[in-house]
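Since the structure comes first, as structure tokens, the remarks are kept for the end.
Here the structure is a predicted model, which means the values were calculated and not measured. Letters go in sequence order (proteins before strands), and every chain restarts at 1.
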Protein chains: 2
Amino acid sequence: MNTPKYVKIEQEIRNRIENGEYPQGSKLPNQLALSSEFSVSRMTVKRVLDALAIQGLIYSRRGDGTYVMTNIPQKIEKNAPASEHQGLTVYFGADRVESRIIVFDIQFPSPQIQEKLHLRKNDPVFKIIRLRLVDQQPYVLEHTYMPQKLMPDLDESVLYGSIYAYLKSTGLKLSGSYRKIHAVFADEFDIKYLNCSPKDPVLEVEQVAWLADGTPFEYSLSRNRYDARSYTVVDNNTL
Amino acid sequence: MNTPKYVKIEQEIRNRIENGEYPQGSKLPNQLALSSEFSVSRMTVKRVLDALAIQGLIYSRRGDGTYVMTNIPQKIEKNAPASEHQGLTVYFGADRVESRIIVFDIQFPSPQIQEKLHLRKNDPVFKIIRLRLVDQQPYVLEHTYMPQKLMPDLDESVLYGSIYAYLKSTGLKLSGSYRKIHAVFADEFDIKYLNCSPKDPVLEVEQVAWLADGTPFEYSLSRNRYDARSYTVVDNNTL
DNA sequence: AAGTGGTCTAGACCACGCG
DNA sequence: GCGTGGTCTAGACCACTTT
């Protein structure tokens with residue numbers, strides 16, 4: 001019972017949109033009516049509507065009302081939302097995801113890694129290269145650097161599953177990430193493990209992720225076959 | 001005086017972070033102190049802090065305090081934030097941006113365009129291909145489709161500048177967009193206008209943008225040289 | 001135990017769209 | 001003029017971290 005009201009109400013309204021109870025283009029009940037239905041204050045309703053607007057599901061017009069967006073971006077399996085960094089296991093389910101470890105090593109960080117992970121030059125980092133497969137198909141090749149001091153007992157058995165699940169189990173809370181998306185040429189690893197051809201384009205996602213206390217804990221480069229994955233972003237100016 | 005307080009306070013706190021008055025890693029004054037300093041309620045302060053947290057500038061820990069993020073992502077010129085779709089002119093300034101029109105045509109929409117722009121098959125659309133240059137260097141090649149009925153007097157003179165500025169002048173308010181980012185091969189246009197080589201990777205951004213009333217008004221494919229541009233996303237779980 | 005941020009309320013006033 | 005959403009308040013209670 002400690003999940004906040006605004007989370008539950010957001011979920012409920014999202015459900016109503018998805019199952020057609022609030023059809024695309026239709027007007028939602030006004031904020032006072034929603035307050036009354038859910039027995040919350042109008043401020044709480046407003047907070048929920050703001051969150052849904054950010055996700056591109058609804059929009060509001062002052063003096064008029066709140067509407068369900070037409071043409072809601074369809075969720076396609078090949079599409080990863082560019083926000084939300086929980087990892088493949090959550091997205092596809094553990095049954096369909098498999099990991100192969102190409103490299104598991106420990107080393108001193110390069111100047112670039114020192115800067116990204118906020119480390120001194122003698123703080124060891126794990127260097128990991130993992131191939132991740134979905135339904136037995138190569139999906140993404142991840143080059144990951146993580147500070148050893150944050151997770152001294154990381155080992156290969158963890159890497160066969162989800163690093164995020166491991167972090168949760170250690171009590172480390174992850175909080176945010178910063179990602180940069182490029183197009184690049186396939187390199188030798190991509191050719192070998194993603195079955196790319198030389199000169200194929202690859203979608204590379206460079207990421208720095210940090211914990212709830214602001215400590216950066218991961219620097220990674222995720223390399224995706226050009227025909228296997230894309231990233232989506234929803235942008236909203238109405239707030 | 002109709003800019004809301006929360007906008008001004010957000011700007012002020014961002015300035016303090018940028019000029020070092022609130023150094024990276026330091027603790028901010030608590031919410032009560034900020035309420036008092038800015039003469040607003042704590043709710044308003046909280047709203048501001050949430051917004052800054054979403055942008056990855058600060059983070060809060062219940063029971064402890066609010067801190068300035070260490071390692072704040074620096075803005076690099078080659079980096080477009082993946083949110084904010086205002087266009088190049090605002091980003092670089094009109095002096096540095098130039099547009100060349102490769103194609104300006106009107107046609108009936110393909111089934112795909114009909115669906116994306118929510119059109120009937122006899123609603124004409126403009127088809128535009130523009131090469132945009134920054135500092136005389138080819139920067140992005142945009143393939144754009146826009147419904148004629150929304151902007152009946154669009155012509156080439158508009159296209160030499162900023163479409164967004166034109167929309168503003170017509171009273172149409174744009175509100176949001178949905179983007180999908182891929183890596184693809186260079187095509188004949190990219191080779192000719194972006195000076196790509198055959199088989200070069202290209203970063204393609206597929207976008208649907210809509211107006212404040214939810215009407216989709218633009219479907220576009222922006223194609224960027226692999227070495228010229230990347231997209232950045234900040235993600236935050238703390239809310 | 002004290003101090004912090006997270007949630008929520010019950011109102012108020014304002015700006016805007018519409019008939 | 002009326003109904004709508006946008007902003008803002010002054011407080012309350014709770015969950016959490018720290019000492």
Between [atom2] on [N] and [atom1] on [X], what's the gap in Å once rounded to a whole number?
X	N	atom1	atom2	value
B:Phe38	D:dC8	CZ	C1'	16 Å
A:Arg47	D:dC8	CZ	P	16 Å
A:Leu52	D:dG5	CG	C1'	15 Å
B:Tyr6	D:dG6	OH	C1'	8 Å
B:Tyr59	C:dT4	OH	C1'	14 Å

Would you say [X]'s side chain and [Y]'s backbone share a donor-acceptor pair under 3.5 angstrom?
X	Y	answer
B:Glu115	B:Pro111	no
B:Ser36	B:Leu32	no
A:Arg47	A:Tyr6	no
B:Tyr59	A:Asp213	yes

With B:Tyr219, which of B:Glu206, B:His143, B:Gln207 fulfils side chain to side chain donor-acceptor pair (under 3.5 Å)?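 In the set B:Glu206, B:His143, B:Gln207, the residue that makes a side chain to side chain donor-acceptor pair (under 3.5 Å) with B:Tyr219 is B:Glu206.
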Please determine if a side-chain N or O atom of B:Thr44 lies less than 4.0 Å away from the OP1 or OP2 oxygen of D:dT9.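 Looking at the OP1 and OP2 atoms of D:dT9, one of them is under 4.0 Å from a side-chain N or O of B:Thr44.
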Stretch residues 23-36 of chain A: residues that reach within less than 4.0 Å of DNA chain D through a heavy atom: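 Contacts with DNA chain D under 4.0 Å: A:Asn30, A:Gln31.
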Does a donor on one side chain and an acceptor on the other come within less than 3.5 Å for A:Tyr166 and A:Asp155? no
Nucleotide by nucleotide, 5' to 3', does protein get under 4.0 Å of the base (B), only the sugar-phosphate (S), or neither (-) in nucleotides 11-19 of chain C, counting heavy atoms? -B--BBBS-
Note: for A:Ser39 and B:Thr66 on DNA chain C, the residue whose nearest nucleotide lies more 5' is B:Thr66
Under 4.0 Å between a side-chain nitrogen and a carboxylate oxygen: does that hold for A:Glu12 and A:Arg16? yes
Check this for me: does any side-chain nitrogen of one of B:Asp123 and B:Lys149 sit under 4.0 Å from a carboxylate oxygen of the other?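 Yes, this pair counts.
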Using the rule given for side chain to side chain contact (heavy atoms under 4.5 Å, CB included), can you reason through A:Leu28 versus A:Val68, listing the C-alpha separation, both sets of side-chain angles and the distance that settles it, and then say yes or no? CA-CA 7 Å; A:Leu28 260 61; A:Val68 181; 3.4 Å; yes
Closest to side chain of B:Lys46, choosing from C:dG6, D:dG6, C:dT9: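 Ranking C:dG6, D:dG6, C:dT9 by closest atom to the B:Lys46 side chain puts C:dG6 first.
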